[in-house]
Amino acid sequence: MAELRPPIESGAPDPMPYMHPVMVKNYGKWVFHSHPKPGVLYHRAESGDEIWTVKAGTQRQMDHYTIRELADIADQYGDGFVRFTARSNIEYMVADGSKVEPLIKALNDKGYPIGGTANSVSMIAHTQGWLHCDIPGTDASGVVKALMDELYDDFVKCEMPNRVKLSTSCCEINCGGQADIAIIVQHTKPPKINHDLVANVCERPSVVARCPVAAIRPALVNGKPSLEVDEKKCICCGACFPPCPPMQINDPEHSKIAIWVGGKNSNARSKPTFHKLVAAGLPNNAPRWPEVGEVVKKILATYKADGKPWERMIDWIDRIGWPAFFEKTGLPFTKYHIDNWRGGRYNLNASAHIRF
Ligand code: SF4
Ligand code: SF4
């Protein structure tokens, strides 16, 4: 039989060549794990082999000098094997427990905190921001760096009722995730259209179809084919901007930040949940976003003080109720918190048909 052509153009590479040899040898045969201290995990295999994982926080956007430094630490103090997590942490695997403390010291000496495991606040999962994406309303990576500087103690200590996952998104519609606390950019004004460019740049039917509330119509402006937006219908989602950059929606004054809480992907103890809006209209105040940090810290401090052991953020809120959540955190409750999608059938454009 002809040899199958290995995929070359996409997909995750085979992890085995990069994996610690003890992990390759015991693949699928681990029988016990524990959490000796914040940022350190211990695993034991059927064969009796052991491995320790040390998790260090990074600044997320790394230059290659930083990556070389992290790799040098792996060679000098670890076993030469690392992996990056989805939250931009770096994990070092060592098969000898006596290497753990020197490795932690070497990382701390270079300024990398050890933590993010179990009931700590983990590193923020975030979207690409200004560096890689064409539509962000703010810089996700910058928000992450600024916030994690403030949440340093909560990352290196395990003092929360349960794990806390945070996420940020630099637009409202695309790659933002569910999280215990999610920080999401929020546009508050309809797009401004540059009619001179629309006909050259935008495929108008695609733009019309993209709008979730059917607010965009084709129009002739100054004799040129263009588009118009029914501003009463527009929910300022920003979905029209990617297929039509002349529909500019980012705005230094009117692009705000909202905070959502109670999202959960796991099935542990309670079912997965969608997060819900708790604060809106916070200033998009680069480079440190202090107003956002203040609200996040307020929510975390209340959850830490009031949550029972093992309660995730949403379990805690379900127990005390949403009115108590707003009372205890001191966040104002406004009419913008009320939509429960009951009217979605009527006010969302749920069909793929193009409307003219
Ligand atoms: S959240 Fe939106 S703006 Fe940010 S990287 Fe994803 S698609 Fe781009
Ligand atoms: S796609 Fe979103 S931002 Fe654009 S017009 Fe429709 S509702 Fe408004």
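We count ligands from 1, going down the list as the structure has it; atoms in each ligand are counted the same way. Keep in mind that what you see is a predicted model, and the values were worked out from it rather than measured.
- Using a 4.0 Å cut-off between a side-chain N of Lys or Arg and a carboxylate O of Asp or Glu, R44 and E50 do not qualify as a salt bridge.
- Given atom 1 (S) of ligand 2, the protein heavy atom at minimum distance is C240 N, 3.5 Å.
- The SG atoms of C244 and C202 lie less than 2.5 Å from each other.
- W52 and Y42 have tilted rings, their planes meeting at an angle from 30° to 60° on a 0 to 90° scale.
- Counting the atoms of ligand 2 from 1 in the order shown, those under 4.0 Å from a heavy atom of C237 are 1 (S), 2 (Fe), 3 (S), 7 (S).
- Between atom CD1 of residue I73 and atom NZ of residue K105 there is a gap of 11.5 Å, rounded to the nearest 0.5 Å.
- Within the coordination shell of atom 2 (Fe) of ligand 1, defined by N, O or S atoms under 2.8 Å, C171 is present.
- Compare P212, C244, G238 by their heavy atoms: the one nearest to atom 3 (S) of ligand 2 is in G238.
- Using a distance-only test at 3.5 Å, with no hydrogens or angles considered, no donor-acceptor pair links the side chain of Y77 to the main chain of I104.
- Of all atoms in ligand 2, listed by their number and element, those nearer than 4.0 Å to a heavy atom of V213 are 7 (S).
- Residue-ligand proximity, C234 to ligand 2, at heavy-atom distances under 4.0 Å covers atoms 3 (S), 5 (S), 7 (S), 8 (Fe).
- With respect to atom 7 (S) of ligand 2, the closest heavy atom belonging to the protein is I235 N, 3.3 Å.
- Salt bridge E291/K256: absent, no basic N to carboxylate O contact under 4.0 Å.
- Counting backbone and side-chain atoms alike, C211 contributes an N/O/S atom closer than 2.8 Å to atom 6 (Fe) of ligand 2.
- Close contacts between ligand 1 and C170 involve ligand atoms 1 (S), 3 (S), 4 (Fe), 5 (S) [criterion: under 4.0 Å to a heavy atom].
- Residue P136 approaches ligand 1 through these ligand atoms, each under 4.0 Å from one of its heavy atoms: 3 (S).
- In this structure a side-chain-to-backbone donor-acceptor pair under 3.5 Å is present from D315 to R312.
- Taking every non-hydrogen atom of I216 and a distance limit under 4.0 Å, the qualifying atoms of ligand 2 come out as 5 (S).
- Ring centroid separation for the pair W316 and F325 comes in under the 6.0 Å cut-off.
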